Amino acid sequence: MTSTLSTQQCEACHVDAPKVTDEELSQFMSQLPDWVPEVRDGVMMLERVYKFKNYKLAWAFANKVSELAEEEFHHPAILLEWGKVTVTWWTHAIRGLHKNDFICAAKTDSLL
């Protein structure tokens with residue numbers, strides 16, 4: 001369940017850390033149905049768009065995601081727009097998805 005992912009901590013990641021396997025990707029995605037795997041410039045990323053009633057609510061959420069990123073020492077791309085925040089997780093060191101990205105995606109969902 002998502003709750004199991006959201007209760008885990010990110011591990012220190014290094015350049016030779018393994019990317020998620022296709023089987024792991026499928027398993028994790030089943031726990032995060034609102035997230036979409038995207039490939040940009042050959043790098044698989046995990047993305048979700050959150051919608052809000054106005055800019056101020058979106059801004060507050062983006063700040064919460066930023067605080068989460070600092071706590072986990074794992075940093076996403078955050079696009080703040082009027083009534084919308086797009087969060088994209090991936091592991092820069094391995095240029096792809098690591099279990100950390102799914103943990104952080106689950107924790108991002110719990111910020112709502």
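Since the model is a prediction, treat every value here as computed from it, not as a measurement.
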Stepwise, does the side-chain contact (heavy atoms from CB on, under 4.5 Å) test hold for Val87 with Leu46? CA-CA 8 Å; Val87 179; Leu46 194 57; over 6 Å; no
With a 3.5 Å distance limit and no angle check, can you tell me whether [X] reaches the backbone of [Y] through a side-chain donor-acceptor pair?
X     : Y     : value
Ser26 : Glu23 : no
Thr91 : Ile94 : no
Ser66 : Ala62 : yes
Asn54 : Lys56 : yes

Student check: side-chain heavy atoms of Trp89 and Thr108 closer than 4.5 Å: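 Yes; the side chains approach each other to less than 4.5 Å.
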Answer whether the closest heavy-atom distance between the side chains of Lys84 and Phe52 falls below 4.5 Å.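 No, too far: nothing below the 4.5 Å cut-off.
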According to a 4.5 Å side-chain heavy-atom criterion applied to Ile, Leu, Val, Met, Phe, Trp and Tyr, with indirect links allowed, do Val65 and Val49 form part of one hydrophobic cluster?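 The answer is no; the residues belong to distinct hydrophobic clusters.
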Is Val39 reachable from Phe102 through a run of hydrophobic residues whose side-chain heavy atoms are each under 4.5 Å from the next?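 Yes; Val39 is reachable from Phe102 via cluster members.
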Kindly give the heavy-atom pair with the smallest separation between Lys99 and Leu5, and that separation in Å.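 So the minimum-distance heavy-atom pair works out to CE-CD2, 4.5 Å.
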Could you tell me which non-hydrogen atom of Gln9 sits nearest to which non-hydrogen atom of Ile103, and how far apart they are?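 That would be O-CD1, 3.7 Å.
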Identify all side-chain donor-acceptor contacts of residues 67-81 below 3.5 Å with residues at least two apart in sequence or on another chain.
from	atom 1	to	atom 2	distance (Å)
Glu70	OE2	His75	NE2	2.7
Glu72	OE1	Cys10	N	3.1
Glu72	OE2	Lys107	NZ	2.5
His74	NE2	Asp101	OD1	2.7

Any Lys/Arg nitrogen of Arg48 or Glu38 sitting under 4.0 Å from an Asp/Glu carboxylate oxygen of the other?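 Salt bridge flag = no for Glu38 with Arg48.
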For Tyr50 and Asp34, what are the C-alpha separation, side-chain angles and deciding distance, and is it a side chain to side chain donor-acceptor pair (under 3.5 Å)? CA-CA 9 Å; Tyr50 295 87; Asp34 296 319; over 6 Å; no
Start with the C-alpha distance between Arg40 and Thr88, add both sets of side-chain angles, then the distance that settles side-chain contact (heavy atoms from CB on, under 4.5 Å), and finish with yes or no. CA-CA 11 Å; Arg40 290 195 187 101; Thr88 310; 3.9 Å; yes
